[in-house]
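Working notes for the structure below.
None of the values given here were measured: they were computed from a predicted structure.
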Amino acid sequence: AVATLLERLAVAAIPLDYGSLVRLSGREEQEAAADLAACVGSQLLERTPMQTELYQFRHSLTREAIASEIPALRARRLHLEVAEALEAGGGGPRAAMLSRHFAAAGERVRALRYAREGAEHAKGVGAFPAAIDLLRQAVDLAAGSDEAPAVLEELASALRAAGRAAEAREALERARA
């Protein structure tokens, strides 16, 4: 159970809050809390000194070593488990992360939805480079689907807002082709 929890946290590749880790563990809260305590006690994980109870690997090399030993098929399944646990905690600022995990799990439709949602969130706070990156990923995810033209138009809008008129024009041309 501890090894599985460590694999899931390694695949997540970010610090996670207590609730997300309990959901990821698939165990009762008391058992998950004991697993986390054992990992902290053995200095594999640490609680970050923040108001929110976040857990992360004490050393990035430990996370990388664990992640590198996970077979590809299992990693794909773990990405799905991580995405679904994070999804239960809500989208918004997590949308970009959800898109990445759903894409790694082979869930293109959900990855596309969250890439677009993350781009909207990024545009809403003026983070146009992040929005553009997410929309470029969304274009790849939407390739060949009915949503591709709309995603290209969203990309064009973000590029235009970022002052990149030539790239915006190119995206619009692709949308209309």
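The existence of a salt bridge linking Arg113 and Glu107 is excluded, since no basic side-chain nitrogen approaches an acidic carboxylate oxygen closer than 4.0 Å. Salt-bridge check for Arg94 with Glu87: failed, with every basic side-chain N at 4.0 Å or more from each acidic carboxylate O.
Between Ala156 and Ala171, the closest heavy-atom pair is CB-CB, 3.9 Å. Pairing each heavy atom of Gln56 with each of Pro15, the nearest pair is OE1-CG, 3.2 Å. Between Arg76 and Gly106 the shortest heavy-atom distance is NH2-CA, 3.4 Å. Residue Gly118 comes nearest to Leu134 through the heavy atom pair C-CD1, 3.4 Å, listed as atom of the first residue, atom of the second, then distance. Between Ala142 and Arg108, the closest heavy-atom pair is N-NH2, 4.3 Å. Shortest non-hydrogen contact noted between Ala83 and His101 is CB-CB, 3.7 Å.
Using a 4.5 Å heavy-atom threshold, the side chains of Leu36 and Leu5 count as touching. Residues Asp140 and Gln137 fail the side-chain proximity criterion, which asks for heavy atoms closer than 4.5 Å. Considering only heavy atoms from C-beta on, Leu135 stays 4.5 Å or farther from Leu152 through its side chain. For the pair Ile70/Leu78, a side-chain contact is recorded, criterion being any heavy-atom separation below 4.5 Å from C-beta on. Within the 4.5 Å cutoff, the side chain of Arg100 has no heavy atoms near those of the Tyr114 side chain. Within the 4.5 Å cutoff, no side-chain heavy atoms of Tyr55 are placed close to those of Glu46.
A donor-acceptor contact shorter than 3.5 Å is absent between the side chain of Ser20 and the backbone of Leu16. Judged by distance alone, with hydrogens and angles left aside, the side-chain atoms of Ser157 form no donor-acceptor pair with the main-chain N or O of Glu153 at under 3.5 Å. With Arg58 contributing its side chain and Leu45 its backbone, the two residues share no donor-acceptor pair below 3.5 Å.
Taken together through direct or relayed side-chain contacts under 4.5 Å among Ile, Leu, Val, Met, Phe, Trp and Tyr, Val109 and Leu141 form parts of separate hydrophobic clusters. Residues Leu112 and Leu80 do not share a hydrophobic cluster, defined by chaining ILVMFWY side chains whose heavy atoms lie under 4.5 Å apart.
In this structure, Leu155 CG and Leu172 CG are separated by 9.0 Å, a value rounded to the nearest 0.5 Å. Taken from CD in Glu64 to CD in Glu69, the straight-line distance is 12.5 Å, to the nearest 0.5 Å. We find the OG1-CD distance between Thr62 and Gln43 to be 10.5 Å, quoted to the nearest 0.5 Å. In this structure, OG in Ser99 is found 12.0 Å from CZ in Arg110, a value given to the nearest 0.5 Å. Atom CZ of residue Arg47 and atom SG of residue Cys39 lie 14.0 Å apart, to the nearest 0.5 angstrom.
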For this session: Given salt bridge (charged side-chain N to carboxylate O under 4.0 Å, His left out), test Arg136 with Glu167 step by step and report yes or no.
Result: CA-CA 12 Å; Arg136 288 191 192 284; Glu167 292 174 82; 2.8 Å; yes
Problem set entry | Chi angles and distances behind the side-chain contact (heavy atoms from CB on, under 4.5 Å) call for Phe57, Leu6 | CA-CA 9 Å; Phe57 280 94; Leu6 289 172; 3.9 Å; yes
Problem set entry | Residue pair Arg23, Glu84: steps toward the salt bridge (charged side-chain N to carboxylate O under 4.0 Å, His left out) verdict | CA-CA 9 Å; Arg23 282 191 298 277; Glu84 289 177 340; over 6 Å; no
Problem set entry | Intermediate values then yes/no, side-chain contact (heavy atoms from CB on, under 4.5 Å), Val139 and Arg174 | CA-CA 11 Å; Val139 166; Arg174 287 177 56 201; 3.6 Å; yes
Exercise. Could you go step by step and tell me if Glu7 and Arg74 meet the salt bridge (charged side-chain N to carboxylate O under 4.0 Å, His left out) rule?
Worked result: CA-CA 10 Å; Glu7 284 180 335; Arg74 178 157 173 73; 2.5 Å; yes
Exercise. Is there a side-chain contact (heavy atoms from CB on, under 4.5 Å) between Phe128 and Arg160 once you walk through the steps?
Worked result: CA-CA 10 Å; Phe128 292 104; Arg160 191 172 39 256; over 6 Å; no
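Partner Asp17 forms a side-chain contact (heavy atoms from CB on, under 4.5 Å) with one of Val22, Leu54, Leu86, Thr48 and no other, that one being Leu54.
Arg63 and Ser60 share no donor-acceptor pair across their side chains, judged by distance under 3.5 Å alone.
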